[in-house]
Amino acid sequence: QVQLVESGGGLVQAGGSLRLSCTASGLTFSRYIMGWFRQAPGKEREFAATIGRNGGITYYADSAKGRFTISRDNAKNTVYLQMNNLKPEDTAVYYCAADRRYDTPQSNSYDYDFWGQGTQVTVSS
């Protein structure tokens with residue numbers, strides 16, 4: 001049974017930082033492209049960042065560029081999202097997702113096969 005478990009969310013003031021983690025089990029982690037998505041109240045889920053199987057390729061949403069960094073440790077079956085200079089508009093539930101179907105990182109949520117339960121990030125102004 002595949003499980004993705006996110007952690008690291010919380011309440012932070014604007015300008016602060018958080019590091020999200022997502023640990024996978026039940027799959028061969030190194031074979032999966034990993035992504036982070038987020039969903040704010042009343043809004044659709046949106047792409048934040050994605051990383052290739054060996055970490056060599058990364059891709060970010062425009063809103064994340066320059067502030068977020070995605071990385072992975074295949075030995076630990078874990079993907080990270082370092083978020084700096086957080087803004088109130090970053091408030092959302094953040095989800096990690098795993099994709100094995102494609103060879104390159106994808107930004108469309110429909111391309112991902114497995115999802116975590118999400119972790120809440122709240123940025124106060």
Side-chain angles (χ1 to χ4, degrees):
Q1 180 181 358
V2 175
Q3 280 193 315
L4 303 177
V5 180
E6 301 98 335
S7 60
L11 173 64
V12 64
Q13 289 188 332
S17 298
L18 283 174
R19 188 195 195 203
L20 306 183
S21 300
C22 170
T23 299
S25 60
L27 52 74
T28 305
F29 184 73
S30 61
R31 295 180 181 175
Y32 284 77
I33 290 167
M34 299 299 296
W36 284 97
F37 293 76
R38 65 186 187 183
Q39 187 166 18
K43 295 187 177 181
E44 293 187 352
R45 189 170 298 187
E46 66 176 16
F47 166 73
T50 182
I51 188 166
R53 294 184 179 92
N54 64 4
I57 299 174
T58 57
Y59 178 56
Y60 297 92
D62 287 344
S63 59
K65 287 179 182 176
R67 300 188 301 126
F68 294 4
T69 302
I70 188 171
S71 62
R72 66 190 296 163
D73 185 339
N74 286 350
K76 295 182 178 180
N77 285 6
T78 301
V79 61
Y80 305 97
L81 187 67
Q82 177 68 45
M83 304 186 295
N84 298 327
N85 190 22
L86 283 162
K87 305 175 181 180
E89 51 264 42
D90 293 318
T91 295
V93 177
Y94 283 71
Y95 299 90
C96 72
D99 160 36
R100 190 180 175 182
R101 287 177 279 171
Y102 292 87
D103 293 328
T104 56
Q106 303 294 315
S107 61
N108 191 326
S109 62
Y110 295 104
D111 295 327
Y112 286 78
D113 303 300
F114 301 105
W115 292 83
Q117 82 290 347
T119 185
Q120 176 71 47
V121 171
T122 303
V123 184
S124 63
S125 57

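Throughout, residue positions are numbered sequentially from 1 according to the sequence presented. Please read all numbers here as calculations on a predicted model, not as lab measurements.
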Measure the shortest side-chain to side-chain distance between Y60 and T58 over non-hydrogen atoms and say whether it is less than 4.5 angstrom. yes
Among T69, D73, L20, the one residue meeting side chain to side chain contact (heavy atoms under 4.5 Å, CB included) with Y80: D73
Can you check whether S30 reaches R53 side chain to side chain, under 4.5 Å on heavy atoms? no
Yes or no on side chain to side chain contact (heavy atoms under 4.5 Å, CB included) for Q106 and D99, after CA distance, side-chain angles and deciding distance? CA-CA 8 Å; Q106 303 294 315; D99 160 36; 3.9 Å; yes
How far apart are the closest heavy atoms of S107 and F47, and which atoms are they? O-CB, 3.3 Å
As an exercise, state the distance from CE of M83 to CZ of R67, rounded to the nearest 0.5 Å. 9.0 Å
Heavy-atom pair with the smallest gap, counting every atom of A14 and S125: CB-CA, 4.3 Å
Determine the minimum heavy-atom distance between S21 and T78, stating which atoms define it. CB-CG2, 4.3 Å
Indicate yes or no: does K65 engage D62 in a salt bridge with an N to O separation below 4.0 Å. yes
Are C96 and Q117 close enough that some pair of their side-chain heavy atoms sits under 4.5 Å apart? no
Any donor-acceptor N/O pair, Q82 side chain to R19 backbone, under 3.5 Å: no
So do V79 and I51 actually touch side chain to side chain, heavy atoms under 4.5 Å? yes
Taking the ring centre of each residue, are Y95 and F37 less than 6.0 Å apart? no
Heavy-atom pair with the smallest gap, counting every atom of L4 and C22: CB-SG, 3.9 Å
Taking atom types as modelled and ignoring hydrogens, do the side chains of S17 and N84 form a donor-acceptor contact shorter than 3.5 angstrom? yes
Given the rule that I, L, V, M, F, W and Y join up when any side-chain heavy atoms are under 4.5 Å apart, are V2 and M34 in one cluster? yes
Any side-chain heavy atom of L27 sitting closer than 4.5 Å to one from R100? no
State, to 0.1 Å, how close L81 and A49 come at their nearest heavy-atom pair, and which atoms those are. CD1-CB, 4.1 Å
Please report the interatomic distance OG1(T119) to OH(Y94), rounded to the nearest 0.5 Å. 10.5 Å
Counting C-beta onward and ignoring hydrogens, is there a side-chain heavy-atom pair between F68 and L86 closer than 4.5 Å? yes
Donor on one side chain, acceptor on other, Y102 and T50, under 3.5 Å: no
Between T91 and T122, is the side-chain hydrogen bond (donor to acceptor under 3.5 Å, both in side chains) condition met? List the steps. CA-CA 5 Å; T91 295; T122 303; 5.2 Å; no
How long is the span from the NZ atom in K43 to the CZ atom in R38, to the nearest 0.5 Å? 8.5 Å
Decide yes or no for W115 and R45: does some side-chain heavy atom of the first lie under 4.5 Å from some side-chain heavy atom of the second? yes
Give a yes or no on whether R101 atom CZ has more than 12 heavy-atom contacts from other residues, nucleotides or ligands under 6.0 Å away. yes
Should E46 and Q39 count as side-chain neighbours, where that means a heavy-atom distance under 4.5 Å? no
Which atoms form the tightest heavy-atom contact between A40 and A92, and what is the distance? N-CB, 3.8 Å
